[in-house]
J.: 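Pasting a structure below so you can have a look.
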Number of protein chains: 2
Amino acid sequence: MSFSIEQKVYQGVIKELQRYIEKNNLNPGDKLPSERELSERLKAGRSSVREALRALELIGLVETRHGEGTYLREYRSFQTVELLSSFILRQNNMKDDLTFTKKIMEKEAAKLAFGRISAPDIQELKTILEANSSDALTKHRSFFKYLFEKTENLLLMKIWTLMDEFSHAVCVYRFEESFYYSLLKLYSERDYSSIDPLFSSEVQVSS
Amino acid sequence: MSFSIEQKVYQGVIKELQRYIEKNNLNPGDKLPSERELSERLKAGRSSVREALRALELIGLVETRHGEGTYLREYRSFQTVELLSSFILRQNNMKDDLTFTKKIMEKEAAKLAFGRISAPDIQELKTILEANSSDALTKHRSFFKYLFEKTENLLLMKIWTLMDEFSHAVCVYRFEESFYYSLLKLYSERDYSSIDPLFSSEVQVSS
DNA sequence: AGTTACTAGTGGTCAGACCACCAATAACTC
DNA sequence: GAGTTATTGGTGGTCTGACCACTAGTAACT
């Protein structure tokens, strides 16, 4: 593994892998050479090859199956965004921004879901709200999780989930009990334009 | 290094590093423990620690200086994007989530900024739009970067920046030229309620 | 005081040894 | 013959120990 200028072996391995994939026209799902074979062919230590593969795995470009092999993977950006977000969240004191941003995403989810919410969905949401076993926080989570799933925007939901988990460690909040029912009312009355104002007016309850 | 559910050691190391960073309130530029020290403290092999650090280095979260140590780094995604782009361009069925989510954040930024936009700000934004030196894409970026800064929500801006960089690698888009001026018009006329519809009606231009 | 040589600590890399896991095959049982 | 079980080879997962190269601080020298 010799490279022009001061490049670490594992970075060289990555470039060689890219070339290999391109050359053999590999698609997601296809198998990559084994670590030992790569090590031998690229004249690099197996540990260096692993450093490269682990890095690619971390950002979701490659999938590893114990005892089977390493496979090219259908890339999903949210995996990387998720990882980076978690670092970004910890790096700065943006705890204050967290709650606010999260609320924005919940609002957008509510609006996005609007066109896909049917009568049974509303009934289902009511069931969530009326569950005796769960507390207000759990209800909030379940309620919006349902809405996020309706949006069919996986990235949006991932980011929200992440923020939700972080917010629990910082400052939990929820809406007034009546808020959720007001939203459901808007759904059943097909009143899209009132969703935004509803969120704006709602004062959060911290606990 | 023992973890609850089937987690690779290097993934555990990353999580421990995140905890360490948060606990000691480390900021970009600060030094991380040496590989050998981490190895000992986390009871993991040095090679596993390296797999974790190399992965973090690859995506630019950490900087390594031979003979010195490993340092936390201000995140710059250039290398990540560059790396991912070659893989991503093979598949375009996931770009929708990204583009859509990004647009949502831009809309919210525009609305959040509303209350903080003054006449000089509008003038400044016009200057950005009329800059001859920059292309439409750069203008879009600069324009919204200005708005995001006005929101004073660092988290929101960080996430947007992240998505913006990723979207460039996947599918660049911008709005119609007239869109930006329409938004400025709403600002100067203090017409908050029309911002949302403006975004909804706007058709993106892909290139 | 300034220069040089040394040294301890760090990352960079490799080789080898196990282990755990999986899948295909072989051997066995009925 | 069909179904089960044991074997085996290949794979990733991990650790250890050994070098090398580099850096910065220190000691020794001039």
Side-chain angles (χ1 to χ4, degrees), chain A residues 1-17 20-21 24 26 28-74 79 83, chain B residues 1-17 20-21 24 26 28-74 79 83:
Chain A
M1 210 82 222
S2 65
F3 288 96
S4 50
I5 36 166
E6 309 201 15
Q7 185 172 221
K8 293 176 187 174
V9 176
Y10 90 93
Q11 293 170 323
V13 172
I14 291 178
K15 293 202 171 174
E16 285 301 314
L17 271 173
Y20 176 86
I21 290 167
N24 298 68
L26 295 193
D30 291 341
K31 193 169 181 297
L32 295 176
S34 75
E35 296 179 352
R36 288 172 178 84
E37 186 182 342
L38 282 173
S39 168
E40 192 176 341
R41 274 167 45 174
L42 301 181
K43 290 178 177 45
R46 197 185 150 208
S47 51
S48 290
V49 170
R50 278 187 62 81
E51 286 179 8
L53 289 176
R54 259 6 84 211
L56 292 179
E57 182 186 55
L58 183 69
I59 57 181
L61 284 173
V62 135
E63 182 183 4
T64 281
R65 300 183 206 140
H66 195 174
E68 285 188 68
T70 305
Y71 297 82
L72 200 53
R73 180 175 176 175
E74 190 84 30
Q79 171 145 350
L83 176 74
Chain B
M1 209 84 222
S2 63
F3 290 97
S4 49
I5 36 165
E6 312 213 8
Q7 185 173 220
K8 293 177 188 174
V9 176
Y10 91 93
Q11 293 170 322
V13 172
I14 290 179
K15 293 203 172 173
E16 285 300 314
L17 271 175
Y20 176 85
I21 289 167
N24 297 70
L26 295 192
D30 291 340
K31 193 169 181 300
L32 295 175
S34 74
E35 296 179 353
R36 288 172 178 84
E37 186 182 342
L38 282 173
S39 168
E40 192 176 343
R41 274 167 46 173
L42 301 180
K43 289 179 177 46
R46 196 184 149 207
S47 52
S48 290
V49 171
R50 279 187 61 81
E51 287 179 8
L53 289 177
R54 258 8 81 209
L56 293 180
E57 182 187 55
L58 181 70
I59 58 181
L61 285 171
V62 134
E63 181 184 4
T64 281
R65 301 182 206 142
H66 195 173
E68 286 187 68
T70 306
Y71 297 82
L72 200 54
R73 179 176 179 175
E74 188 79 43
Q79 47 189 327
L83 172 72

J.: Any side-chain N or O of A:R50 less than 4.0 Å from the OP1 or OP2 oxygen of D:dG13?
T.: yes
J.: Give me, pair by pair, the N or O atoms of the protein and of nucleotides 4-10 of chain C that are less than 3.5 Å apart, along with how far apart they are.
T.:
{"from": "C:dG9", "atom 1": "N2", "to": "B:G67", "atom 2": "O", "distance (Å)": "3.0"}

J.: Can you check the A:K43 NZ to C:dC14 P distance for me, whole Å?
T.: 12 Å
J.: Give the rounded distance in Å between these two atoms: CG of A:L42 and C1' of C:dT13.
T.: 15 Å
J.: Before accepting this row, confirm whether a basic side-chain N of the pair A:R54/A:E51 lies closer than 4.0 Å to the acidic partner's carboxylate O.
T.: no
J.: So, does the side chain of B:R54 form a donor-acceptor pair with the base of C:dG11 at under 3.5 Å?
T.: no
J.: If I take atom CG in residue A:L53 and atom P in nucleotide D:dG12, what distance separates them, rounded to the nearest angstrom?
T.: 8 Å
J.: Does the pair B:K43/B:E16 count as a salt bridge with the N-to-O cut at 4.0 Å?
T.: no
J.: Ignoring backbone atoms, establish whether A:S39 has a side-chain N or O less than 4.0 Å from OP1 or OP2 of C:dC14.
T.: no
J.: From the list D:dC15, D:dT14, C:dC14, which nucleotide is the closest neighbour of the side chain of A:S47?
T.: C:dC14
J.: What is the separation between atom CD on A:E40 and atom P on C:dC14, rounded to the nearest whole Å?
T.: 14 Å
J.: Starting at atom CZ of B:R46, determine the distance to atom P of D:dA18, rounded to an integer number of angstrom.
T.: 14 Å
J.: Whole angstrom is fine here: how far is it from CG in A:L38 over to C1' in C:dC14?
T.: 16 Å
